[in-house]
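Values in this document were obtained by computation on a predicted structure and should not be read as measured data.
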Amino acid sequence: MQVQFLNTSIDVSASLLPGAASAIIFDCDGLLADTEDLWLRAVAACADARGAALTDLATFRGGSIDDVAAQLVMILTGAGLSTPLAGELEVALSEEFQSLIAQEATPMPGAVALVSELASRFPVAVASNSPRALLDQILDRIGVGDLITCSVARDEVSAGKPAPELYVAALRKLHELDSSVTAETAVAFEDSAVGAVAAMSAGLLVVGVNADPAAVLDCHVRHTTLLDEELIDWARIVDREKPVQFGPHTLAHGAFDAVTSTLTVQCQYPAEQSARVQVYAQGDCLWNELPAGRPVASASVLTESKSVSMDLAHLSEGTYRFLLVMDGVVPEWNGRTGEFTVHSTRPEGPAAAPQAAAPAAITPESPEQGVTAMSWNLWFGGCHSNDGHAKQVAYLRESPHSIVALQECFGDHGRRLAAAMGWNIAQQGPDTAVISPYPLMLHRTETDSFATCATVFTPAGAVTVWSVHLWHADYGPYTADDARIPARHTLASRGERRRTAELAEILSEQGRLQREGVVSAQDPILVMGDFNVPSHLDWKPGHRANTVEWPTSRMLEVAGYADAFRVVHPDVGAVPGHTWSPIIPAGEEPRDRIDFIFSRGARALEAFTVAAEIESAAPPMLSATGRRRVGLGGDILGHHLENAWPTDHAAVVARLAWN
């Protein structure tokens, strides 16, 4: 996680309709097209033709053809009637529905006007549970086919609603056409429960449109009709989302040479921005903000990618930090800050060559013992702790972890750690990696900015491992811990929707890897990392100010994954398992469990946190010098440089076994 200080001053009475958006995605049946009754009539006709009279047609509302055909097979079988194959029923349903559409389909009130208004400024997509042939027929019939930028039909994805794949696929198509389109800036319109769940699970802001008060929709905003005055006014004034000014590619890497008293900083940032590298004394440098004090040194950087060196011989002994400041502002994800120490003495002779750490001895685990896995956020590679790399190596040498999911590798710090241990590494992108003494195979996915996937070949068999670092902004407990603020406001934040969308992408990519035979569906799967969001299991009544169904943990639970820590420690009150943050005062940051090990096809035998304020069965461990114990009692932010534990997260560890 990258910290933001508490700010809960929001207007809880305000509409959650956004002031700007990058794209709009509509459902079709029942929202744009008045086809729901036609669909239910088609279902009833198919059942009647086979001798079954359906009494509750509402259960088929919003369902895809293949799902409804499967339901009809079960109904006919249960009634002892002749049961056709599901494929035959799919054909019959499609033909009956197409016939009714051709004769009777009409647009929903306000649909054409709303789509026309939004399509004049936004890319507009449709994500529908209908197959392609039906979807195209419906859109043309109601007169919006030419207004739609792109669409995704049920027969073009592996799972229909309520799975998020239709929306994930629509977002991919839109993003290919316009790179500014992302889940946290797009808006979805849905009328059915299954559709709202799908859109919410894809990370979109969901506008529910349904006049039936008995219909339960998991949405952020709800209206009864597309003709609602507030909705019409919003469509007229909502702005096109502008691309963000800065991007995660804004970096500053630096190194201080104590021999020459020179700081060299390598900068990467958008060419159109002006920037300066500024050096501050550690005590003047506020977290992720432009310091209030004056810099002790500064140099301009005027090109897209440039190294700049500063002579710091005038500085007194002490600890300093450099920042890349762009147009007078430290970007919100800056955190790419560097700490370095100025020494008062210099070596007389040539600098001694650094001694490479000897590879750690590997003690293979037996299948009966299970495999010990760990999720570890390194905190910018370990740069925010004196001798952070040495402390990382010291910990791993004294701990029997065989699969370690790393976050905040900050470029090559994960590779340095793997090399020092004599381990293997799979890394995709600069942030996440999987390291292990066992052989690894990296799998290329569309998640390089926030997740790495690899197969680890352990003595217990192959296991698919994801190292995950979900988006850090809009940290949910800042608002969810305030009982005056409804949970729906927290869940509507862009950060929350971005995290949800990223996890949906991970689950989608896992499905693709299985379908393509890259990984076996029979292998266990571990999804480990810094989610930057709590678990719904920890926010039940009585534990926090609000009850919040945090979507990422809920999505994994629905997909068959178990939270290893909560399997071993189900009592939230007795063992909270907080991983954020042992070094930030509780008055400045709410405590929570945001680092996880989720598993599917594996069982948790043991689980504990390392370096948390309250540890759960974590084995004691001394630092490399033997003077300080890792964990309980680490100094708070601002006095943390000598902490034996070189990061601002506690880690989570689980011992897992599988057949």
Trp39 and Phe60 aromatic centres sub-6.0 Å
no

Are Phe531 and Phe598 near enough that their ring centres are under 6.0 Å apart?
yes

Under 4.0 Å between a Lys/Arg side-chain N and an Asp/Glu carboxylate O for Glu549 and Lys540?
yes

Using salt bridge (Lys or Arg N to Asp or Glu O under 4.0 Å) as the criterion, list what pairs up with Arg515, not counting sequence neighbours.
none

Between Glu502 and Arg498, is there a salt bridge with N-O shorter than 4.0 Å?
yes

Just by distance, no angles: are the side chains of His472 and Asn532 close enough, under 3.5 Å, to form a donor-acceptor pair?
no

If you measure from the Lys or Arg side-chain nitrogens to the Asp or Glu carboxylate oxygens, is any gap between Glu184 and Arg494 under 4.0 Å?
no

Sequence neighbours excluded and cut-off under 3.5 Å, please list the side-chain donor-acceptor pairs for residues 201-218, or say none.
residue : atom : partner : partner atom : Å
Ser201  : OG   : Val197  : O            : 2.8
Asn210  : OD1  : Asp212  : N            : 2.8
Asn210  : ND2  : Asp191  : O            : 2.8
Asp212  : OD1  : Ala214  : N            : 2.9

Side-chain donor-acceptor contacts of residues 517-525 below 3.5 Å, not counting sequence neighbours, with atom names and distances?
residue : atom : partner : partner atom : Å
Ser520  : OG   : Gln522  : N            : 3.0

State whether a side-chain donor-acceptor pair under 3.5 Å links Glu165 with Ser158.
yes

Strictly below 4.0 Å, N to O, side chains only: are Glu509 and Arg512 in salt-bridge contact?
yes

Under the criterion side-chain contact (heavy atoms from CB on, under 4.5 Å), I'd like the reasoning laid out for His536 against Arg554: C-alpha separation, chi angles, the key distance, then a yes or no.
CA-CA 7 Å; His536 70 290; Arg554 188 75 179 91; 3.8 Å; yes

Examine the side chains of Gln407 and Trp376 and answer whether a donor and an acceptor come within less than 3.5 Å of each other.
no

